[in-house]
Amino acid sequence: MPVPPRSPPIPLPATPFPPSSAEVRAGNLRGLALMLLAFFLFSAVDAQAKYLTQTLHPLQVVWFRQLGLLVAVLGLLAAQGVSILRTAHPRLQLARGALAGLSAAAFIFGVSYVPLADAVAVAFIAPFMVTVLGALILREPVGFHRWAAVSLGFAGTLIVIRPGAGVVHPAILLVVLAASLFAARQIVSRYLAASDRTITTVAYTALTGSALLSLALPFVWQWPATGTELLLLAGTAILAGLGEFTLIKALEVGQAAVIAPMQYTMLLWGTFYGWLLFSQFPDGWTWVGAALIVASGLYTLHRERLAARRHRATG
């Protein structure tokens, strides 16, 4: 498509006006709507993936999950060129992409054995694991309140898993591993955010994760036996790609501290899909543990919002 000629640039004031409160509210509302849509899409992908692992190898399902994002990134490369791959930290970008691929694989392996709602609840330990890793690796200051939130989330996780009770399949530990890898990926993202564009990080995530998963694909590949399998695999790829870009757009138009709590709607969708497709419904203790995990995450977000507000006031 030919690019129309640009009009002469309009001189801007030396100091641009900050957005008005009405513009911020409008952006946050759009961000909230997009965030809700993103996690609805991710929940649908997880449900399809769990269904597909009944007949296909989890690594093959994860590869298709990654395919949607890969196709979108290849389209961006064709449109914008390899300049989007320019990074100040190529090794870190490759490491982040590997963490993303391994995290997705561990989650799908785990969810193939455990109820969807249980897996989603345990996966929400990632936010407070980011707090722990941020303190250990990035030396970020963590006060009493956030350590208390971490402890609360850990207690909630133990209630969901109930180690030694034989209630939850041991594969739930794969979900814990997936959350740990995801948290490590977020720590790398924080470091990269100071130098690399978001689109660069997304591109490396798609390319590296797909390449890593493709290494194992020839050993597990199985041709879809039914039209339903083929349709669900295609849906997994498309919805995962749409979810990733919807999430990125949500963070572009809305304030992260405002829209981030919408991620917890995945627990509701996970419960709904688990009941609808697999006749699985969480027991009372799982709801208790999930409530503690969500409370921990929301309180951590609240403390981060307060810290960011203090930083702006003193900056």
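Closest non-hydrogen pair, Val45 versus Ala240, comes out as CG2-N, 3.5 Å. Nearest approach of Gly270 to Leu116, heavy atoms of both residues: O-CD2, 3.8 Å. Pairing each heavy atom of Thr205 with each of Ala100, the nearest pair is CG2-CB, 3.7 Å. For the pair Ala123 and Ala179, the tightest heavy-atom approach, listed with the atom from each and the gap, is O-CB, 3.8 Å. Looking at every heavy atom in both residues, Arg197 comes nearest to Ser83 through NH2-O, 3.6 Å. Taking every heavy atom of both residues into account, Val82 and Leu77 meet most closely at CA-CD2, 4.1 Å.
Between the CG atom in Leu70 and the OG atom in Ser214 there is a gap of 8.0 Å [rounded to 0.5 Å]. Taken to the nearest 0.5 Å, the CG atom of Leu56 stands 13.0 Å off from the CH2 atom of Trp63. For the atom pair CD (Gln222) and CG (Leu217), the distance works out to 11.5 Å, reported to the nearest 0.5 Å. Taken to the nearest 0.5 Å, the CG atom of Leu94 stands 12.0 Å off from the CZ atom of Arg96. Annotation: the span from Phe42 atom CZ to Thr246 atom OG1 amounts to 7.5 Å, rounded to 0.5 Å. Put simply, CD1 on Ile199 and CG on Leu76 are 4.5 Å apart, with the number rounded to the nearest 0.5 Å.
The aromatic rings of Phe40 and Trp269 stand perpendicular to each other, their planes meeting at an angle above 60°, with 30° marking the opposite boundary. Ring geometry for Tyr51 against Phe278 counts as tilted: the plane angle lies between 30° and 60°, on a 0 to 90° scale. Relative ring orientation between Phe272 and Trp275 is described as tilted, the plane-to-plane angle lying within the 30° to 60° band. The aromatic rings of His57 and Phe109 lie perpendicular to each other, with more than 60° between the two planes, well past the 30° mark.
Cluster membership check: Ile172 shares its hydrophobic cluster with Phe281, using side-chain heavy-atom separations under 4.5 Å among Ile, Leu, Val, Met, Phe, Trp and Tyr. In the hydrophobic cluster analysis, where Ile, Leu, Val, Met, Phe, Trp and Tyr join through side-chain heavy atoms closer than 4.5 angstrom, Trp221 is grouped together with Leu213. Under a hydrophobic clustering in which Ile, Leu, Val, Met, Phe, Trp and Tyr are joined whenever their side-chain heavy atoms come within less than 4.5 Å, directly or via other members, Leu192 and Leu102 fall into the same cluster. Leu277 is connected to Val111 through a chain of hydrophobic side-chain contacts under 4.5 Å among Ile, Leu, Val, Met, Phe, Trp and Tyr, so both are in one cluster.
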Inset, instruction - Begin with the C-alpha distance, continue with both residues' side-chain angles, and end with the deciding distance and a verdict on side-chain contact (heavy atoms from CB on, under 4.5 Å) for Leu232 and Thr228. - result: CA-CA 6 Å; Leu232 289 176; Thr228 300; 4.0 Å; yes
Inset, instruction - Check the pair Gln93 / Thr208 against side-chain contact (heavy atoms from CB on, under 4.5 Å), numbers first and verdict last. - result: CA-CA 9 Å; Gln93 286 287 8; Thr208 308; over 6 Å; no
Inset, instruction - Could you walk me through whether Phe107 and Val175 pass the side-chain contact (heavy atoms from CB on, under 4.5 Å) test, one step at a time? - result: CA-CA 5 Å; Phe107 182 82; Val175 181; 4.1 Å; yes
Inset, instruction - Before giving the answer on side-chain contact (heavy atoms from CB on, under 4.5 Å), spell out for Leu239 and Gln48 the whole-Å C-alpha distance, their side-chain angles and the decisive distance to 0.1 Å. - result: CA-CA 10 Å; Leu239 294 182; Gln48 290 178 91; 3.3 Å; yes
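Of the N and O atoms on the side chains of Asp196 and Thr201, not one donor lies less than 3.5 Å from an acceptor on the other residue. Between the side chains of Asp46 and Ser43, not a single donor N or O lies within less than 3.5 Å of an accepting N or O.
When the options Val73, Val202, Leu69 are evaluated for a side-chain contact (heavy atoms from CB on, under 4.5 Å) with Glu244, the one that passes is Leu69. Results of the side-chain contact (heavy atoms from CB on, under 4.5 Å) test with Val62 over Thr236, Val220, Ile108, Leu67 single out Ile108 as the only residue that passes.
In this structure a side-chain-to-backbone donor-acceptor pair under 3.5 Å is present from Thr200 to Ile84. When atom types are taken as modelled, the side chain of Ser189 and the backbone of Arg185 share a donor-acceptor pair closer than 3.5 angstrom. In terms of modelled atom types and a separation under 3.5 Å, the side chain of Gln66 and the main chain of Ala211 share no donor-acceptor contact. Checked by atom type and distance alone, the side chain of Tyr204 pairs as donor or acceptor with a backbone atom of Leu85 at under 3.5 Å. Under a 3.5 Å cut-off, the side chain of Lys50 and the backbone N or O of Val114 do form a donor-acceptor pair.
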